Number of protein chains: 2
Amino acid sequence: MSSRASSAPTIIDVAREAGVSIKTVSRVLNREAGVHEQTREQVLAVVAQLKYRPKLSARSLAGARSFLIGLLYYDPSAAFVGGVQKGAAVRCREAGYHLVVESIENEAPDIETQVDRMVAALRPDGMILTPPLCDNPQVLKVLSDSGTPTVLISPGDHDPALLTVRMDDVHAAQEVTQLLIELGHERIGFIRGARDQAASELRYQGFKLAMEAAGLSVDEALVYQGDFTFPSGVAGAHHLLGQKGRPTAVFASNDDMALGVLSAAQRLGLQVPGELSIAGFDDSPAASLVWPPLTTVRQPIEEMARVAVDMLVTPAAGGDEATPGGRVLPHRLVPRDSTAALASRAHRPTAARR
Amino acid sequence: MSSRASSAPTIIDVAREAGVSIKTVSRVLNREAGVHEQTREQVLAVVAQLKYRPKLSARSLAGARSFLIGLLYYDPSAAFVGGVQKGAAVRCREAGYHLVVESIENEAPDIETQVDRMVAALRPDGMILTPPLCDNPQVLKVLSDSGTPTVLISPGDHDPALLTVRMDDVHAAQEVTQLLIELGHERIGFIRGARDQAASELRYQGFKLAMEAAGLSVDEALVYQGDFTFPSGVAGAHHLLGQKGRPTAVFASNDDMALGVLSAAQRLGLQVPGELSIAGFDDSPAASLVWPPLTTVRQPIEEMARVAVDMLVTPAAGGDEATPGGRVLPHRLVPRDSTAALASRAHRPTAARR
DNA sequence: CTGAAAGCGCTTACAG
DNA sequence: CTGAAAGCGCTTACAG
């Protein structure tokens, strides 16, 4: 079937044809300095003519690098993982690396074995972890024991020595809250995310900070504990909207829950945004597909993944002055039609309230 | 940083400790027959004690297999690719393989170089292609020239010698159409998918077959050419619902477009499903998140990916009697609330019309 | 600026 | 049932 598989040219073929040693071919291919320009061109010409491509397994076995980056994820959101994957895969290709993807369960009893097997077999030059795996101590332990450089995307509390990439969840949540406040809303419901994810707490903090800055009190009765799923958004909506002094706006910690709120509101016959404003977080694909489209925050997912690969491939790319091994990427508030000024009330800037 | 990296045990360490040759260790690890049970257990004990894991690059360089499966995709739908990825990654791990994912642009001018580079560097034991890449002649050419076994997921017309996995788009579309017909709908609008994707034509054929089987004519004015995107669903809805004898139901070739129809209908003030029934295709995550939830067809995405890996890893797994290299996986009609019986008309089974 | 030698850690024939 | 030797195709020191 693959009769030509055996005829693939090796570095020896190239060296012979170019009249140089294999070491020189290696130098040219790895862009090492100190090769006569004429020699370089000659080698490159033969490489092109023979369509020579170095074999990764040989490079990996002989050298110190595997040219492999591992990405570990445990599903939750297809949109999030998909974005990370695309950003990472593209950057890997640009850098001459390849992305090996493994899906592992966060609660699997043999999770350490799974991770260890992957790392020991592949010897990746680096690993990228997404939530909630990036906060899993067992996984982190295995990786650190193996000496594999690791980048955490949007982690919670973590060893400050580790490389991280994230966005500013607190500030983003503040901005969303401020938007609602500026639209005249005072009774704003909040739906928290899953307890075991770091972003949940950060977004809640942002909400509280913005409320307090505007001189508004956070009514505990208007805070619901969700878990980032659509159904928990529905449940949260029923809880919040069933109150005596019900909120005129609801800020859900992610889009899936906001969609649940939207669905519940429509079933309850509430006009959105006329009678209820709704805001989410993530800017998931569905957020712009529903009606009315959701006001939300765009997470720089693909960019975070690109940066993660950069940190692994070009160690110099890691960190900035503030947090040595950490990078914080900019987000963007995305106002859409699910939020509007409070019906029949004047627009009241928050500054005037102090 | 990784001081212990150099101390990773090799097959030689295991052989020495177990008092056997490296060949015997290799036999045990590869489950080759003909090893004394006692020897086998002794080797396994040492392997466990030393936490020995064979290095993939060495196995790959020395042997005929790389234990790598490549997955090539060009985004379109995050949900589809995400499902394929998960199914493939899980099955790979079970089989001791690893999944290398590459995202390439279907229209990139250097697409052949990109694919060739990946295949030549990795020497994967097999490749999996998703639409639209599985119908890209240039990509298929490079892979066939390299002798890399390839499985196409949901391809269009293809070389019958190639391995394929798909669902029955024609039949599934027939079922959706029948459901609408059984609900009493006669004027049914249809929105076609992207011209360059094979599934578009297949689903349209299914629609026509069901209409004809029920003795209903397909009104060309009620067929709109979409492109699988949300906006084209909105445009299709405006086109179809603006007609004199407008349809009482719309069947969109995928969920994204169906969501567009839903959005447009709600803006036009039409009750769904009271005044308009809507059906989609895919059972994307958003389909069950909107209100009303969408009637659709569940594609067996993860299963298709698992089977694809199986065909590559266990050659015997490929094909069934009907189509030698092809496997057709079962789908499932998912009736939800976006479709309902035609208002104020009796339920009329299609059989009675003939 | 260039090269000869050794070696990475396994599997593949081949022997016994 | 088991093993000694060769070799996969590169990179790494080390020389010159």
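As the structure is a computational prediction, the values presented were derived from the model and not from experiment. By convention in this document, chain letters (A, B, ...) are assigned in the order of the sequence lines, proteins followed by strands, and residues within each chain are numbered from 1. Heavy atoms only: backbone and side chains are in, while hydrogens, waters and symmetry mates are out.
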Requested in this report: Report the C-alpha distance between B/Arg306 and B/Asp310 in whole Å, list the side-chain angles of each, state the deciding distance to 0.1 Å, and finish with yes or no for salt bridge (charged side-chain N to carboxylate O under 4.0 Å, His left out).
Outcome: CA-CA 6 Å; B/Arg306 291 180 66 91; B/Asp310 276 337; 6.0 Å; no
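- B/Lys55 places its NZ atom 19 Å from the P atom of D/dC8, with the value rounded to the nearest Å.
- Following rounding to the nearest Å, A/Arg27 (CZ) and C/dT2 (P) show an atom-to-atom distance of 8 Å.
- Here the C1' atom of nucleotide D/dC8 and the CG atom of A/Asp13 are 13 Å apart, to the nearest Å.
- Within 4.0 Å of A/Ile22, counting heavy atoms only, lies at least one base atom of the nucleic acid.
- Comparing D/dT11, C/dA4, C/dG9 against the side chain of A/Lys23 picks out C/dA4 as the nearest.
- Comparing atom distances between the A/Leu61 side chain and each of C/dC10, C/dG9, C/dT11 picks out C/dG9 as nearest.
- With the nearest nucleotide of DNA chain D identified for both B/Arg40 and A/Gly63, B/Arg40 has the one nearer the 5' end.
- Here C/dC1 presents its P atom at 12 Å from CD of A/Gln38, a figure rounded to the nearest Å.
- With D/dC10, C/dC10, D/dT11 as the candidates, the nucleotide lying closest to the side chain of A/Tyr52 is D/dC10.
- Here the rule is side chain to side chain contact (heavy atoms under 4.5 Å, CB included) with B/Thr24, and of B/Leu29, B/Thr39, B/Val14 only B/Thr39 fits it.
- Of the candidate nucleotides D/dT12, D/dC10, D/dG3, D/dG3 has the atom nearest to the side chain of B/Thr24.
- C/dC1 and D/dA13: their P atoms are spaced 22 Å apart (whole Å).
- Here the C1' atom of nucleotide C/dT11 and the CZ atom of B/Arg31 are 17 Å apart, to the nearest Å.
- Side-chain atoms of B/Asp159 come within 3.5 Å of backbone atoms of B/Ala161 as a donor-acceptor pair (strictly under, hydrogens ignored).
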Query - Residues B/Ser146, B/Thr148; criterion side-chain hydrogen bond (donor to acceptor under 3.5 Å, both in side chains); working and verdict - result: CA-CA 5 Å; B/Ser146 71; B/Thr148 309; 2.6 Å; yes
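- The nucleotide whose nearest atom lies closest to any side-chain atom of A/His36 is, among C/dC10, C/dT2, D/dC10, C/dT2.
- Remark: B/Ser26 is not in phosphate contact with C/dC10, judged by side-chain N or O atoms under 4.0 Å from OP1 or OP2.
- Atoms CZ (B/Arg65) and P (C/dT11) sit 9 Å apart, rounded to a whole Å.
- Taking only side-chain atoms of A/Thr39, from C-beta outward, the nucleotide of D/dT2, D/dG9, C/dT2 with the closest atom is C/dT2.
- In the set C/dT2, D/dC1, C/dG3, C/dG3 carries the atom at the smallest distance from any side-chain atom of A/Ser21.
- Figure legend. D/dC14 is base-paired to C/dG3; pairs are counted as Watson-Crick or G-U wobble with both atom distances under 3.5 Å.
- Nearest nucleotide to the A/Val35 side chain, out of D/dT12, C/dC10, C/dT2: C/dT2.
- Applying the side chain to side chain contact (heavy atoms under 4.5 Å, CB included) test between A/Val151 and each of A/Thr164, A/Val165, A/Val309 identifies A/Val165 as the sole match.
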